[in-house]
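Have a look at the structure below before the remarks.
In what follows, every chain begins at residue 1, and chains take the letters A, B, ... in the order their sequences are listed. All values derive from a computational prediction rather than experimental measurement.
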Number of protein chains: 2
Amino acid sequence: MPRPILATISTSAMAHNLSQVKARIEFARKVHSSINQQCLSKIVAVIKANAYGHGTLNALIGFKAADALGMIDLVDGILCRDNGWTKPIILLEGFFDSQDIEILQHYQLTTAIHHQAQIAYLNEAKNVGKPIDVLVKFNTGMNRLGFHIDQAKDVLVQLNELKAKGIVGRIGAMSHFANADLESIYVNDAAQKILAIAPQFDGQLSICNSAASIRYPYLALQHHENWVRPGICLYGSSPFDIELSQYPSVDFRPTMTLEAKVIAIQQLKAGDKVGYGSLFTADQPMKMAVVACGYADGYPRSAPQNTPVMVDGVAASIIGRVSMDMITVDVTHIPSAQVNSRVVFWGDGGPTIDEVAKATGRIGYEIMCNLAKRVPIKVV
Amino acid sequence: MPRPILATISTSAMAHNLSQVKARIEFARKVHSSINQQCLSKIVAVIKANAYGHGTLNALIGFKAADALGMIDLVDGILCRDNGWTKPIILLEGFFDSQDIEILQHYQLTTAIHHQAQIAYLNEAKNVGKPIDVLVKFNTGMNRLGFHIDQAKDVLVQLNELKAKGIVGRIGAMSHFANADLESIYVNDAAQKILAIAPQFDGQLSICNSAASIRYPYLALQHHENWVRPGICLYGSSPFDIELSQYPSVDFRPTMTLEAKVIAIQQLKAGDKVGYGSLFTADQPMKMAVVACGYADGYPRSAPQNTPVMVDGVAASIIGRVSMDMITVDVTHIPSAQVNSRVVFWGDGGPTIDEVAKATGRIGYEIMCNLAKRVPIKVV
């Protein structure tokens, strides 16, 4: 049998979390009197980065009810089409090369357009009777990808010419918030910029990520057709500084559980030092478990002493340094702990991934994405 | 075409680094007058964790000249046998279950024995005419895996009985240093403990990791047959606090290069903020490149401002926060920088992986192992 470590992916929790985002927006529709009730709100499940470490194909099951999928690599777009996904697929960073255009046409992939170079590529494309839907990406303060707002008119002229030639289909707009996890003063300024030009676009408007979908869901109801694009919250992790469970009126569930087994028990004497750099010294006799998980599995090496884990269902703490393939845990208070005891590092029956992130100076996104290829996956 | 990011693995650099370890030990043989010239010293190339992110099968090419391979998962052992590796394979953490014993026998895998539970499993095994070579792991201060030194006699009695029954073959000994990167006072105490009992073992003695192989190579010449087991240095990264290039008389080369292309250029005005959390503010007009690499590719999100990268062969610095799929770089001083410019994050033509590790508060081991599955690999 392989090394005793396992990640469990819950597609039902993924489906549940998707429904929570939908519910949050429909709630906003009811309470905000200014909202035009004819606005459509559709959910784009973001599955980039191998579905945040959960597996692209598992995401096709978990997010079956989504209206579209968002990703960044057209290789993943092809994979989803080949596996039966017929609803829209959106390349959030767009395409990277003129050769990609045939693929966009053939697989009917919607693409972000964030740079003049992409428009130049489209100008050389052939009309094959399959116009490509586009979302023009605008920079509203993130200063990463996107045109400046004052370029909107010029870009629209160019894209409408491409539309007339049958290269481009629907033309929508999108933007990304730099601080949607913070107070609305940081968000409203950016939102107002894109909302001011949105009526010029007949295609979809996409501005809400996880944080904005949960915190400012009314922003997902500002255009005739809105594409909300949650990512991290679909995987049960928080886009905020606080745990999602502390956020009012939402119920997101963990989608990934990482567990491993105890492979050895050590009895320490007072004064015994543990692991690389002899980081930990026992101040009294202790019982310690060595567990088959390390930083090469994706567990953060930055975990300090006292980072929480669960052993045989009992809360326990990491001691010593996380090594490549092993983690050492104080189990002095857990008489049942022995070789083969179950240790949960995060997820169902363990700490939340956000608790681990907080303890280790990381974020949930990073921990999920870094789950190593060598960890066997069980899908439930 | 896929997203423009690429990791290049150099199997010739891997082979070169292996030869450096061998040379270091043969140097020690010449200069230490106390060494018995009949001592054999063999190199076990450690390829656990998908060969530190380089790919297990690539390691079979790079480390073809090794005397043995070390790993932790028997699944990898089977993979290496199935791909033609006929020399010894050592499971450094041993086996985890009684069912594994048939696999050890069938594939002729050498196993560490670090726990009484493993001996109990062996006692139930059938003699199939294929004795299993073992290395008894001793705890010499690391306090992770292994028997205490004073259990040596008892363990040997049990294993010799298993040898008489045809279950166990050669019986060697191993240990692991907690502080081999530090001064010899930390190492000698641990080394003396295992060397004191080593003569009782007719099999191999394995005590030197990368740090000890480079710093204390005479420790690899203390038994009639020594198995040196370098890991990190074979991949061109340092087991020490200093760069390997600063270590005298060795020449290790980078084995992994991570590069990506610029996908957008932004002109910033003074006062413009960049990326999540608006971490960076331009204090003057700047030219900024957005590069197709992020923490979901394995680049550390903890990279602070000024972390080094190379753009079009010119040194440059990261600005703003590393996001999941993109990194922003100040290219004000690089007129050639444009969409499709080449950016090297580490390796050949870029900073060393250890420079990146130092800047980001990580270690080279962790960065290599965390290279994401989604990054395409080119083997040279």
Rounded to the nearest 0.5 Å, what separation is found between the [atom1] atom of [X] and the [atom2] atom of [Y]?
{"X": "A:Phe280", "Y": "B:Asn143", "atom1": "CZ", "atom2": "CG", "result": "10.5 Å"}
{"X": "A:Arg144", "Y": "B:Ile263", "atom1": "CZ", "atom2": "CD1", "result": "8.5 Å"}
{"X": "B:Ile377", "Y": "B:Met256", "atom1": "CD1", "atom2": "CE", "result": "6.5 Å"}

Please flag which part of [X] lies under 4.5 Å from any non-hydrogen atom of chain A: side chain, backbone, both or neither.
{"X": "B:Arg301", "value": "both"}
{"X": "B:Gln266", "value": "side chain"}
{"X": "B:Phe95", "value": "neither"}

Tell me, out of [options], who's got the most heavy-atom pairs with chain A below 4.5 Å.
{"options": "B:Ala372, B:Ser278, B:Ala117", "answer": "B:Ser278"}
{"options": "B:Met288, B:Arg321, B:His114, B:Met324", "answer": "B:Met324"}
{"options": "B:Ala296, B:Ser302, B:Ala264, B:Pro300", "answer": "B:Ala264"}
{"options": "B:Val339, B:Asn370, B:Leu145, B:Ile265", "answer": "B:Leu145"}
{"options": "B:Asn50, B:Asp272, B:Thr328, B:Val75", "answer": "B:Asp272"}
{"options": "B:Asp297, B:Asp100, B:Asp325", "answer": "B:Asp325"}

Is it true that a side-chain atom of [X] and a backbone atom of [Y] form a donor plus acceptor pair closer than 3.5 Å?
{"X": "A:Gln305", "Y": "A:Gly320", "value": "yes"}
{"X": "B:Ser210", "Y": "B:Cys233", "value": "yes"}
{"X": "B:Ser175", "Y": "B:Phe138", "value": "yes"}
{"X": "B:Gln267", "Y": "B:Pro285", "value": "no"}

Do A:His176 and B:Tyr276 have their ring centres less than 6.0 Å from each other?
->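 Distance test on ring centres: under 6.0 Å, yes.
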
Chain B interface, residue from [options] that has the most non-hydrogen pairs under 4.5 Å:
{"options": "A:Arg374, A:Lys373, A:Glu366", "result": "A:Glu366"}
{"options": "A:Leu74, A:Val274, A:Ile72", "result": "A:Ile72"}
{"options": "A:Lys48, A:Lys261, A:Gln99, A:Gln118", "result": "A:Lys48"}
{"options": "A:Lys273, A:Gln338, A:Gln116", "result": "A:Lys273"}
{"options": "A:Ala282, A:Ser323, A:Gly53", "result": "A:Ser323"}

Where does A:Ile103 contact chain B at under 4.5 Å (heavy atoms): side chain, backbone, both or neither?
->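 For A:Ile103, side-chain heavy atoms alone lie under 4.5 Å from chain B.
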
Check each atom of A:Tyr52 against the heavy atoms of chain B and say whether the ones under 4.5 Å are side chain, backbone, both or neither.
->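 Interface part for A:Tyr52: side chain.
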
Which residues share a salt bridge (Lys or Arg N to Asp or Glu O under 4.0 Å) with A:Glu93, sequence neighbours left out |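 With neighbours one apart ignored, the set is empty.
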
Look at atom CG of B:Asn340 and say whether more than 12 heavy atoms of other residues, nucleotides or ligands are closer to it than 6.0 Å.
->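 Yes, the 6.0 Å shell around CG holds more than 12 heavy atoms from other groups.
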
